[in-house]
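Here is the structure we will look at, set down as structure tokens.
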Amino acid sequence: MARECPLERVRNIGIMAHIDAGKTTLTERILFYTGRVHRMGEVHDGAAAMDWMEQERQRGITITSAATTCHWLDHRINIIDTPGHVDFTMEVERSLRVLDGSVAVFCGVGGVEPQSETVWKQSEVYGIPKIAFINKMDRVGADFENALAMMIDRLRTNPVPLTMPIGAGETFSGVIDLIRMKALRFDEAAQGATFAEEDIPAEFLDEARQRREGLVESATEADDELLEKYVGGAELSEREIHEGIRKATLKGTMVPVLAGAALRNVGVQQVLDAVVRYLPSPVDVPAVVGTNPYTDKEEKRGADDDEPLAALAFKIASDSYVGRLTYLRIYSGTLKKGAQVLNTRTDKKERVGRILLMHANKQEDLDTASAGEIVAVVGPRTTGTGDTLCDPKKPIVLESMAFPEPVVSVAIEPKTKADEDKLNQSLEKLAEEDPTFVMHTNEDTGQLIISGMGELHLEVLTTRLKREFGVRANVGKPMVSYRETITSTAKASGQFIRQSGGRGQYGDVRLRIEPLTEGGIEFENRVRDGEIPREFFPAIESGVRSALENGIIAGYPVVDVKVTLLGGSYHDVDSSDIAFKAAGSIALREAAIKAQPVLLEPIVSVEVVAPEQFVGEVIADLNARGGRIEGTRMRGETRIVDATVPLGRMFGYATALRSLTQGRAVYTTQFSCYAEVPRKKQEQILAGWGWT
């Protein structure tokens, strides 16, 4: 079957940035100029097509990543608009996992803000080529040069402008195309859909020539022939410059940068041109690598319709009309409606009932989907985020995704008995959609605890319970998800011996526990041959890991430890897996108690942007919250305060900051690390919980 669009003219891209940098506004303009929508929706009006959730429209932020498709210059562009708030970083992570390229949006005033830095680093992990759009050049305080400098300093990248702004703030009136050396003035009456080309104003000509020289130089560095021609003094054609920029972008030696103001409809078409000219198609990226689940041999799947089917499920969503949606990136082969596919995690076949091309929350039915496409399917019931769906005759397991641990928890309970079953079912659906949302029952109190990535994350989820699922529930105050670790090395033995007339239980284990600086949990076996039969080793490790998961001093998971199994003894008749699992758990607890266990609390990096006259109050308040001031710096006429603060002291900070600064300051946070709780504070926490 002939493809609608040749694979080399397909682009799978994400729009990523810090909150309020203008991602969704840019996406709305892209959809308008490509003819995908006929009216531009505004985020501040709650009318953006890509912010389709009721809460997104009320809050004016993107909460869930939304997919859409449009066409530009005979190219098909599959776009995922991602959230910018730190609480929804996982939405960005799983989107980047399946994309080939990305557009990073930066605020012309704020430059590289904390979440911009986070998502940039996420994209680097997956080796995703990027172009950058410096937005909001019409805002007071916008500084193009400063934004470029911040990209170099914070992102350790090589930003190369392809366009530059004509003025900034109130004087911003268009952009200069540095390849064609023309000034572009956008027609406001036509909502920026058309623009006029003019000569570059005299006051910007020298700067434009200098920037163009740097652009051409960067474009030739990735192509030996172009470099030789350039060094020889020959003039490069526009086509050659485009080819050089594309090669350098795909190699990661440069990041093309464009300037504009999406809200003013300036510079968006140039972003689209850059997407199709410089970002990769599925055939430009290396073949995806996986393993055969039955042979454990490495296999590859290229972006080819004739290869066996290999697709990665990167998102699960519930739709009130069509039911459970599984979002797929198809890496190879062709998926047909009604086909049976193999889920290699569950080793079960799933039937694909419908294939849908998504436009935010709207769908278009397809009969087939081919390599390089991003679609949603209806039918699979047991497929989860990170699962591989493939041809049953050619099984493959693609690399899955790692999800961060939740850091904030709240207790939740149904208001009435009638709400109880509905609450549990609804929470299970939310957990299925969002791998960073976790629920469990506290064994000591019997309370149902839900955990997530931040206050806003949990607030959004609990609001969804009421609005989407009709569940009435009482929600407690946020609680910090602590961790435990040890500060010294210790050894201990654990015995589990039971005798009751017949066959008894016998397990005897000796082990050592020590701090692990590299993080995680490591288990090492140093038992001498014959001391304990090998078949009991897995049971001992299971008992150790179970004890670590249940905590030592306060019931929180123990992290950053190494456990070494040293020896033990067994009984020919009475020893069993159950006995050695229990003995391993007992030995671990005994050793951990001797190893001076401590509580760890999550620490967040905080960036507060405030007018100069309020900086003293802001710093004093952060200090009172146990924060450590990392430094202050100027951004335009405002000052930025950088600090690290225990997460537990940041609850309710938004209200406090508004009160301190008359509503004129803003702040952002992102998870930094876990740090030891001071001894006195730890004693207070444990006493408050009744643990001491």
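Residues Ile355 and Asp367 approach most closely at CD1-O, 3.8 Å, considering heavy atoms. Of all the heavy atoms in Ser116 and Phe106, the pair that sits closest is CB-CE2, 3.9 Å. Here the closest non-hydrogen pair linking Lys251 and Ala222 is NZ-O, 3.2 Å. Minimum heavy-atom separation, Cys107 to Ala21: N-CB, 4.1 Å. When all heavy atoms of Val112 and Met150 are compared, the closest pair comes out as O-CE, 3.3 Å. Scanning both residues, Thr334 and Asp305, for their nearest heavy atoms gives OG1-O, 3.4 Å.
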Kindly indicate, with the supporting measurements, whether the criterion side-chain contact (heavy atoms from CB on, under 4.5 Å) is fulfilled by Leu430 and Arg464.
CA-CA 9 Å; Leu430 291 175; Arg464 286 185 64 192; 3.6 Å; yes
Does Ile152 form a side-chain contact (heavy atoms from CB on, under 4.5 Å) with Asn158? I'd like the steps, not just the answer.
CA-CA 6 Å; Ile152 295 169; Asn158 177 31; over 6 Å; no
Walk me through it: do Lys315 and Thr385 pass the test side-chain hydrogen bond (donor to acceptor under 3.5 Å, both in side chains)?
CA-CA 5 Å; Lys315 180 176 178 175; Thr385 302; over 6 Å; no
Candidate pair Leu99 and Ile374, rule side-chain contact (heavy atoms from CB on, under 4.5 Å), full reasoning:
CA-CA 9 Å; Leu99 294 171; Ile374 295 175; 4.0 Å; yes
Mind running side-chain hydrogen bond (donor to acceptor under 3.5 Å, both in side chains) on Arg185 and Ser173 for me, showing each step along the way?
CA-CA 7 Å; Arg185 308 281 189 178; Ser173 59; 2.5 Å; yes
Check step by step if side-chain contact (heavy atoms from CB on, under 4.5 Å) holds for Gln191 and Phe32.
CA-CA 10 Å; Gln191 294 183 294; Phe32 178 72; 3.4 Å; yes
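The shortest distance between side-chain heavy atoms of Thr669 and Glu607 does not fall below 4.5 Å. Within the 4.5 Å cutoff, no side-chain heavy atoms of Val216 are placed close to those of Ile179. When side chains are defined from C-beta on, Asp177 does not count as touching Gln270, because their heavy atoms never get closer than 4.5 Å. Contact annotation: the side chain of Val255 never approaches that of Val160 to less than 4.5 Å [non-hydrogen atoms, C-beta and beyond]. The shortest distance between side-chain heavy atoms of Thr220 and Leu236 falls below 4.5 Å. Between Ile245 and Arg277, the closest side-chain pair of non-hydrogen atoms is not below 4.5 Å. Proximity of Leu96 to Met16: side-chain heavy atoms (C-beta onward) are separated by under 4.5 Å at one or more points. The shortest distance between side-chain heavy atoms of Lys121 and Leu155 does not fall below 4.5 Å.
In this structure, OG1 on Thr25 lies 6.0 Å from CG on Leu263, to the nearest 0.5 angstrom. How far CD1 of Ile134 is from CG of Asn146: 9.5 Å, rounded to the nearest 0.5 Å. In this structure, CD1 on Ile330 lies 6.0 Å from CD on Glu373, to the nearest 0.5 angstrom. Here the CD1-OG distance, from Ile15 to Ser95, works out to 11.5 Å after rounding to the nearest 0.5 Å. In this structure, Leu279 CG and Asn12 CG are separated by 10.5 Å, a value rounded to the nearest 0.5 Å. To the nearest 0.5 Å, the span separating CZ on Arg29 from CG on Asn265 amounts to 4.5 Å.
We find that Asp642 and Arg633 are joined by a salt bridge, their nearest charged nitrogen and carboxylate oxygen being less than 4.0 Å apart. Between Glu213 and Arg209 there is no salt bridge, since no side-chain N of the basic residue sits under 4.0 Å from a carboxylate O of the acidic one. Comment: Glu145 engages Arg211 in a salt bridge, judged by a side-chain N to carboxylate O separation of less than 4.0 angstrom. Between Glu197 and Arg180 there is a salt bridge, since at least one side-chain N of the basic residue sits less than 4.0 Å from a carboxylate O of the acidic one. Between Arg11 and Asp100 there is no salt bridge, since none of the side-chain N atoms of the basic residue sits less than 4.0 Å from a carboxylate O of the acidic one. Remark: Glu124 engages Lys130 in a salt bridge, criterion side-chain N to carboxylate O under 4.0 Å. Classification of Asp74 and Arg9 as a salt-bridged pair fails, no side-chain N sitting under 4.0 Å from a carboxylate O.
The one candidate from Ile131, Ile77, Val276 that meets the side chain to side chain contact (heavy atoms under 4.5 Å, CB included) condition with Ile13 is Ile77. Each of Arg246, His242, Glu243, Lys247 was checked for a side chain to side chain donor-acceptor pair (under 3.5 Å) with Tyr278, and the lone residue meeting it is His242. A side chain to side chain contact (heavy atoms under 4.5 Å, CB included) with Val175 holds for exactly one of Val266, Leu162, Leu258; it is Val266.
The aromatic rings of Phe186 and Phe195 lie tilted to each other, with the angle between the two planes from 30° to 60°.
Glu240 places a side-chain N or O within 3.5 Å of a backbone atom of Ser237 that can act as its donor or acceptor partner. Looking only at distances, no side-chain donor or acceptor of Asn135 sits under 3.5 Å from a matching main-chain atom of Val105. A donor-acceptor pair under 3.5 Å links the side-chain atoms of Gln269 to the main chain of Gly192, judged by distance alone. Although no hydrogens or angles enter the test, the distance criterion places no donor-acceptor pair under 3.5 Å between the side chain of Ser218 and the main chain of Leu215. In this structure, the side chain of Arg212 engages the main chain of Leu178 through a donor-acceptor pair within 3.5 Å. Put simply, the side chain of Arg76 never gets that close to the backbone of His71: no donor and acceptor are under 3.5 Å apart. Looking at Ser102, its side chain does come within 3.5 Å of a backbone N or O of Gly14 through a donor-acceptor pair. The backbone N or O of Ala371 sits nowhere less than 3.5 Å from a side-chain atom of Ser332 that would complete a donor-acceptor pair.
Side chain to side chain, Asn78 and Thr69 meet the donor-acceptor criterion of an N or O pair below 3.5 Å. Side-chain contact annotation: His359 with Thr68, donor-acceptor N/O pair under 3.5 Å present.
Atom CD of Glu203 is surrounded by more than 12 heavy atoms from other residues, nucleotides or ligands within 6.0 Å. Within 6.0 Å of CD on Glu399 lie no more than 12 heavy atoms contributed by other residues, nucleotides or ligands. In this structure, Glu225 places its CD atom where only 12 or fewer heavy-atom neighbours from other residues, nucleotides or ligands lie under 6.0 Å away. At most 12 non-hydrogen atoms from other residues, nucleotides or ligands lie less than 6.0 angstrom from CD of Gln210.
Because its NZ or CZ atom is both nearer than 6.0 Å to the ring centre of Tyr331 and within 45° of the ring axis, Arg329 counts as a cation-pi partner of that residue.
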